[in-house]
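What follows is a single structure, written as structure tokens, with notes after it.
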There are 2 protein chains.
Amino acid sequence: MLYTMGSMDPARSRIFDGLTERERRQWLEAAQPRDARRHEVVASQGEPAREFALVESGLLKLLQLTPDGRELIVRFVRPGEPFGGVVVLEAAAYPVTALAVEPTRLLAWPGDVLRALLDRFPRVRANITREIAAHMTDALTRVRELATERVSQRLAHTLLRLMRQAGTPGRDGVLIAHPLTRQELADLTGSTLYTVSRTLSQWQQQGILQSRRRQLLVRAPKRLEALSRASEA
Amino acid sequence: MLYTMGSMDPARSRIFDGLTERERRQWLEAAQPRDARRHEVVASQGEPAREFALVESGLLKLLQLTPDGRELIVRFVRPGEPFGGVVVLEAAAYPVTALAVEPTRLLAWPGDVLRALLDRFPRVRANITREIAAHMTDALTRVRELATERVSQRLAHTLLRLMRQAGTPGRDGVLIAHPLTRQELADLTGSTLYTVSRTLSQWQQQGILQSRRRQLLVRAPKRLEALSRASEA
DNA sequence: CGCCGTCGTTGCGCGAGCGCAATGTTGTAT
DNA sequence: ATACAACATTGCGCTCGCGCAACGACGGCG
């Protein structure tokens with residue numbers, strides 16, 4: 001089976017909010033297209049950030065890697081979304097490793113090009129700042145969840161987030177059209193594939209959701225929300 | 001007993017790196033001094049951010065609060081350090097609650113004043129961005145630690161961070177001159193005061209550190225580092 | 001000086017969730 | 001069509017760390 005996150009006209013990305021069509025074209029012309037194969041590493045945690053990029057089609061996975069090989073998924077980057085914001089402005093190190101989940105087409109701006117463009121288009125700087133603020137809030141929320149919630153609650157929260165970000169509402173529920181293995185859900189919630197599997201099985205029996213291989217259909221979002229609050233399994 | 005984090009000439013803050021003395025003075029003159037009492041809430045999670053601030057003296061604690069009353073400490077803000085960076089640029093909501101641990105003197109810039117100043121001093125914008133990048137990296141590191149490490153490892157990491165940030169090296173170890181209760185260490189590591197107390201007792205018996213009430217002396221930083229890597233208690 | 005509030009320690013029992021192992025299922029390659 | 005690889009499920013035992021309870025220690029204040 002073929003999974004695809006589709007593509008998006010990069011000129012429509014939120015980071016270009018407030019720009020005219022001509023201005024958007026200027027940005028796109030300054031960008032270097034880049035294609036990443038499946039499982040290709042696009043950026044490595046700890047390496048100096050040299051470029052800022054936008055996903056045009058495909059899907060990136062941002063990871064925190066542990067010394068002993070475990071990985072934690074920070075977030076996915078979908079078509080139209082930027083990557084490498086803060087970091088390229090300061091030529092600091094990438095805080096994450098970026099991996100292409102499927103064949104992915106990127107638009108990349110080297111650091112100096114980006115800085116020159118941002119001086120001419122302060123609005124884009126503000127848009128990028130907005131993204132960063134959102135990701136910061138998100139990171140802090142996850143820190144809190146990891147520190148204070150049970151696995152089932154964190155899993156519920158994670159599914160709800162995925163629904164919002166990548167959900168397509170259908171007749172009998174919201175479909176999460178996203179190639180997610182149990183292992184990936186575990187890496188998103190800070191758990192193990194066993195516990196995730198058990199929890200999902202339970203929820204399936206209760207009619208809250210239906211899980212095919214690598215696909216999830218949430219039938220009762222409200223019950224999921226309840227589960228994300230209470231600690232009852 | 002009186003704890004104090006001392007004070008710092010605000011003009012020496014890292015956010016003014018690259019500015020002349022005159023320029024620094026211009027910033028300070030545009031700021032509104034504000035005094036916060038012990039335990040006073042300086043900013044509330046979820047509220048729209050109206051100002052950017054610098055701690056001149058005292059100490060702030062940034063918290064994520066859970067619906068059921070638990071709290072998680074995001075970080076401390078010491079003299080010379082800024083607070084409210086990302087958020088005020090985008091007039092978004094504070095992602096944390098800020099609480100004065102002790103009587104604290106702040107310098108505050110309202111959002112519009114800040115934006116006007118930043119347009120005249122792009123270097124300060126870059127400096128603030130640098131801070132944000134560091135905090136983002138920090139937040140992601142903590143997410144990873146919470147998801148993959150045992151309590152003892154996280155506690156070791158936390159103590160090492162505190163040593164770097166607020167440690168004063170002495171004859172027989174590094175003193176963490178910071179009013180930290182067991183509960184606060186638990187809120188920093190995502191654990192409980194019981195487990196923290198037990199772990200510290202154990203380390204004290206092993207001669208790794210010495211704990212007085214609300215003060216810690218780390219005698220063997222290297223052994224702490226080893227503990228932060230291995231999962232052995 | 002003695003009281004009291006805050007903070008710290010430790011014993012004990014219990015439960016969430018980990019992780020191995022064995023087995024089942026589904027899509028893909030030849 | 002068949003074989004294989006990747007992914008998913010479930011039983012089972014065990015450990016980490018939680019959380020109550022009881023007690024202890026310290027420091028501030030009248």
Side-chain angles (χ1 to χ4, degrees), chain A residues 1-4 38-39 66 68-72 101-102 145-156 158 176 178-206 209-217 227 230-233, chain B residues 1-3 38-39 66 68-70 72 101-102 145-156 158 176 178-206 209-217 227 230-233:
Chain A
M1 184 169 177
L2 223 166
Y3 306 98
T4 173
R38 198 166 202 268
H39 296 153
T66 70
D68 58 304
R70 268 199 74 173
E71 67 184 47
L72 184 119
V101 175
E102 47 183 87
E145 287 179 8
L146 280 163
T148 65
E149 295 180 353
R150 326 227 131 230
V151 169
S152 61
Q153 290 177 272
R154 305 204 300 263
L155 186 55
T158 301
I176 298 177
H178 202 150
L180 277 174
T181 65
R182 299 292 178 265
Q183 180 63 57
E184 283 179 311
L185 282 171
D187 292 344
L188 273 168
T189 51
S191 177
T192 62
L193 82 167
Y194 308 107
T195 302
V196 168
S197 181
R198 279 185 264 263
T199 308
L200 289 183
S201 294
Q202 203 179 332
W203 289 350
Q204 175 148 7
Q205 291 215 320
Q206 295 169 14
L209 50 79
Q210 195 155 354
S211 82
R212 297 195 209 297
R213 168 179 265 229
R214 300 243 243 168
Q215 264 189 341
L216 281 173
L217 179 69
L227 286 167
S231 54
E232 310 133 37
Chain B
M1 187 169 176
L2 225 166
Y3 307 99
R38 199 165 202 267
H39 296 152
T66 71
D68 57 305
R70 267 199 75 173
L72 184 120
V101 175
E102 46 183 86
E145 287 179 7
L146 279 163
T148 65
E149 296 180 353
R150 326 228 129 225
V151 170
S152 62
Q153 291 176 273
R154 305 204 300 265
L155 185 55
T158 301
I176 298 176
H178 203 150
L180 278 173
T181 64
R182 299 291 179 265
Q183 181 63 56
E184 283 179 311
L185 281 171
D187 292 343
L188 273 167
T189 51
S191 177
T192 62
L193 83 168
Y194 308 107
T195 302
V196 168
S197 181
R198 278 186 265 264
T199 308
L200 290 183
S201 294
Q202 203 179 332
W203 289 349
Q204 174 148 8
Q205 291 215 319
Q206 294 169 14
L209 51 78
Q210 195 155 354
S211 82
R212 298 198 208 295
R213 170 179 262 226
R214 300 243 242 170
Q215 265 190 338
L216 282 173
L217 179 70
L227 286 167
S231 54
E232 310 135 36

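To find a chain, count down the sequence lines: A is the first, B the second, and so on, and within it residues start at 1.
- Regarding L146(B), its CG atom lies at a distance of 14 Å from the C1' atom of dG17(D), rounded to whole Å.
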Walk me through whether T66(A) and L72(A) qualify under side chain to side chain contact (heavy atoms under 4.5 Å, CB included). CA-CA 8 Å; T66(A) 70; L72(A) 184 119; over 6 Å; no
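- Taking only side-chain nitrogens and oxygens, S191(A) comes nearer than 4.0 Å to OP1 or OP2 of dC18(C).
- Residue R213(B) places none of its side-chain N or O atoms closer than 4.0 Å to OP1 or OP2 of dG8(C).
- One interatomic measurement links the two molecules: CG of L209(A) to P of dA8(D), which rounds to 14 Å at whole-angstrom precision.
- Q204(B) places its CD atom 14 Å from the P atom of dA25(D), with the value rounded to the nearest Å.
- Taking atom CG of D187(B) as the reference point, atom P of dC7(C) lies 12 Å away to the nearest angstrom.
- In this structure, the CG atom of L185(A) is 11 Å from the P atom of dT9(D), given to the nearest Å.
- Proximity of R182(A) to the phosphate of dA8(D): a side-chain N or O atom is located under 4.0 Å from OP1 or OP2.
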What one-letter contact string describes nucleotides 10-15 of chain D from 5' to 3', where B marks a base within less than 4.0 Å of any protein heavy atom, S marks contact via sugar-phosphate atoms alone, and - marks no contact? BBB---
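- R150(A) and T199(A) share no side-chain donor-acceptor pair at under 3.5 Å.
- Note that the OG atom of S152(B) and the CZ atom of R198(B) stand 13.5 Å from one another [nearest 0.5 Å].
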Let me check something: any side-chain donor-acceptor pairs from residues 185-195 of chain B under 3.5 Å, sequence neighbours excluded? List them with distances.
| unit_1 | atom_1 | unit_2 | atom_2 | d |
| --- | --- | --- | --- | --- |
| D187(B) | OD1 | Q183(B) | NE2 | 3.0 |
| T189(B) | OG1 | L185(B) | O | 2.8 |
| T189(B) | OG1 | A186(B) | O | 3.3 |
| T192(B) | OG1 | T195(B) | N | 3.3 |
| T192(B) | OG1 | T195(B) | OG1 | 3.2 |

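- By the salt bridge (Lys or Arg N to Asp or Glu O under 4.0 Å) test, E184(A) is found to be paired with K61(A), residues two or more places apart in sequence or in another chain being considered.
- If you measure from atom CG of L180(A) to atom C1' of dA8(D), you get 14 Å, rounded to the nearest angstrom.
- As a whole-Å value, the separation of R212(A) CZ from dT25(C) P is 16 Å.
- The distance from atom CG of L200(B) to atom P of dC7(C) is 16 Å, rounded to the nearest whole Å.
- Within the structure, every side-chain polar atom (N or O) of T181(B) is placed at least 4.0 Å from both OP1 and OP2 of dT6(C).
- Taking CD from Q206(B) and CD from Q202(B), the interatomic distance works out to 5.5 Å, rounded to the nearest 0.5 Å.
- Taking the side chain as every heavy atom from C-beta outward, L200(A) and L155(A) approach each other to under 4.5 Å.
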